[in-house]
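Worksheet: the structure to be examined is printed underneath.
Being a predicted model, the structure only gives us computed values, none of them experimental.
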Amino acid sequence: MKKRSPLRGMAIAFFVIALSFWNFSRLTGSECIRTIHIVILLTAGAGIGVFLTNFFLWIRTRSDKKDF
């Protein structure tokens, strides 16, 4: 089975993060936190987690290739 590059996961996660923060900045009614605020922030947090996981995996695979 062919291994996928972590760069693809990083690109998708970055897109999710950007879209989440763009939607969060467009919401009105910041005086009270609505459910949609919580969902958008959770989505952005999950996207950041996936991005960082793939980023560290990408760094580790790059350093493994340089060893030999």
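- Other residues sharing the hydrophobic cluster of Trp22, ordered by chain and number and joined by side-chain separations under 4.5 Å: Phe15, Leu19.
- Rounded to the nearest 0.5 angstrom, Ile12 CD1 and Leu7 CG are separated by 11.5 Å.
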Please tabulate, one pair per line, all N/O donor-acceptor pairs under 3.5 Å involving side-chain atoms of residues 50-57, not counting sequence neighbours.
unit_1: Thr53; atom_1: OG1; unit_2: Gly49; atom_2: O; d: 2.8
unit_1: Asn54; atom_1: ND2; unit_2: Val50; atom_2: O; d: 3.3

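- Expressed to the nearest 0.5 Å, how far CD1 of Ile48 lies from CZ of Phe21 amounts to 4.5 Å.
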